Amino acid sequence: MTKIRSVVLGCGSYLPGQVVTNAQLAARIDTSDEWIVQRTGIRERHIAAEGEFTSHLAIKAAQAALSDAGVDAQSIELIVLATSTPDNTFPATAVTVQNGLGIHHGAAFDLQAVCSGFVFALATADNFLRSGAYKRALVIGAETFSRILDWNDRGTCVLFGDGAGAVVLEAQEQAGKTADRGVLTTHLRSDGRHKAKLFVDGGPSSTQTVGHLRMEGREVFKHAVGMITDVIVDAFEATGLNADSIDWFVPHQANKRIIDASAHKLHIAPQKVVLTVDRHGNTSAASIPLALSVARKDGRIKRGDLVLLEAMGGGFTWGSALVRW
Ligand code: UT7
């Protein structure tokens, strides 16, 4: 019996040109390169230029993914764009991206799960493809978090950056074994009891303003490793795979200490961990496809490799995905 699997045909990314180093931040607020590197692993981040919107970053990432996949934009039937920093309250940024790519058929919508957005978007697109509703999809994570930061709050403004990443997925019929290519399993979770630990203090319905990001960093940190490892254990149990089977661990890039502690707890060897937080900072929903793109371009992730993705963020939301590349 054959099954439909969502196979990754290609990936791509885009980072705004402007790079802001820790030293540049330290010249403006009471912080230091030493504190930021020691507590987070971050050295620099990219910041979007004035007039450069989330959709602009997303279109460039999508074009790079389409080119890497070697497919025409017109073959895309579904666009799921994960973002917490849309161009406008509505329409969905995905619709602007769809139009920017010259696509006027199929469906495009945004998905909001903050830093877990890419894993949630991947799982959503995977379910649409496996149901037979669509054949090819673009899954995008794109953010301009610089626009919702309080640049006087040193506890948050040093952590985040802007960027976008995308993957092209295609529904393919195959035996559906764990050795076969595609998204093997996804596991999503959320728990709104934690919503006040990481949130934006504005919105159309509550304040009629955009608002700024607020975070109880220590509280988020305390829950992160446990939540991440829980959903990864779910992925292992669903597939019969384990830490030794993994070729690459591509986690959400929030903090090197969280990534190291999660890999250690799961017995994933450090050399299998893809790390970009040092150069990108936390780009929320964009961080995983940006990291995938880096590891594809430098030749680490190869066809047939088993790639483990995970993310945790505001809500809280958290999730994992196992992908045979
Ligand atoms: O992607 C979504 C998920 N988000 C996360 O995963 C973030 C999770 N949290 C974290 O990564 C960490 O909690 C932070 C990096 C945000 C903070 O690290 P921490 O080790 O938890 O530090 P802390 O918040 O406990 O602060 C320690 C000290 C405080 O000073 P006192 O009270 O001990 O005197 C802060 O005021 O560090 C101070 N501090 C800073 N100092 C220099 C906070 N921010 C800064 C800063 N520069 N930028």
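Worth saying up front: this structure is predicted, and the values here are computed from it rather than measured. When a ligand or atom number is given, it counts from 1 through the structure's own listing order.
- Neither the backbone nor the side chain of Thr156 has any atom closer than 4.0 Å to an atom of ligand 1 (non-hydrogen atoms only).
- Annotation: atom 30 (O) of ligand 1 to nearest protein heavy atom, Arg154 NH2, 4.4 Å.
- Atoms of ligand 1 found under 4.0 Å from any heavy atom of Thr40 (numbered from 1 in listed order, with element): 15 (C).
- Ligand 1 lies within reach of Leu159, whose nearest heavy atom is under 4.0 Å from it.
- Among the candidates Thr283, Asp87, Thr54, Thr83, the single residue satisfying the side chain to side chain donor-acceptor pair (under 3.5 Å) test with Thr144 is Thr54.
- When the heavy atoms of Asp33, Ile258, Asn255, Leu25 are ranked by distance to atom 6 (O) of ligand 1, first place goes to Ile258.
- At distances below 3.5 Å, not a single donor-acceptor pair connects side-chain atoms of Gln38 with backbone N or O atoms of Trp35.
- A cation-pi geometry, defined here as NZ or CZ lying under 6.0 Å from the six-membered ring centre and within 45° of its normal, holds between Arg28 and Trp151.
- The residue Ile29 has no part lying near ligand 1, judged by heavy-atom distances below 4.0 Å.
- Taking 4.0 Å as the cut-off between side-chain N and carboxylate O, Asp30 and Arg154 count as a salt-bridged pair.
- Under a 4.0 Å heavy-atom criterion, Ile36 is not in contact with ligand 1.
- Of the protein's non-hydrogen atoms, Trp35 CH2, 3.9 Å is the one closest to atom 17 (C) of ligand 1.
- Between Glu170 and Arg136 a salt bridge is recorded (basic side-chain N to carboxylate O distance below 4.0 Å).
- Distance remark: protein heavy atom present below 4.0 angstrom from atom 41 (N) of ligand 1.
- Put simply, part of Gly155 is less than 4.0 Å from ligand 1, judged by heavy atoms.
- You'll find the side chain of Val37 reaches within 4.5 Å of the side chain of Arg43, heavy atoms only.
- Protein non-hydrogen atoms do not reach within 4.0 Å of atom 32 (O) of ligand 1.
- Inter-residue side-chain proximity for Ile258 and Phe221 is flagged as met; some heavy-atom pair is nearer than 4.5 Å.
- Distance check on atom 14 (C) of ligand 1: every protein heavy atom falls at or beyond the 4.0 Å cut-off.
- For ligand 1 and Arg257, the ligand atoms under 4.0 Å from any heavy atom of the residue are 18 (O), 20 (O).
- A salt bridge does not link Asp247 with Lys302: none of the charged nitrogens is closer than 4.0 Å to a carboxylate oxygen.
- When heavy-atom distances to ligand 1 are checked against a 4.0 Å cut-off, Val114 has no atom that comes that close, whether in backbone or side chain.
- A 4.5 Å side-chain heavy-atom check between Val250 and Ile301 finds at least one atom pair inside the cut-off.
- With respect to atom 19 (P) of ligand 1, the closest heavy atom belonging to the protein is Arg39 NH1, 3.7 Å.
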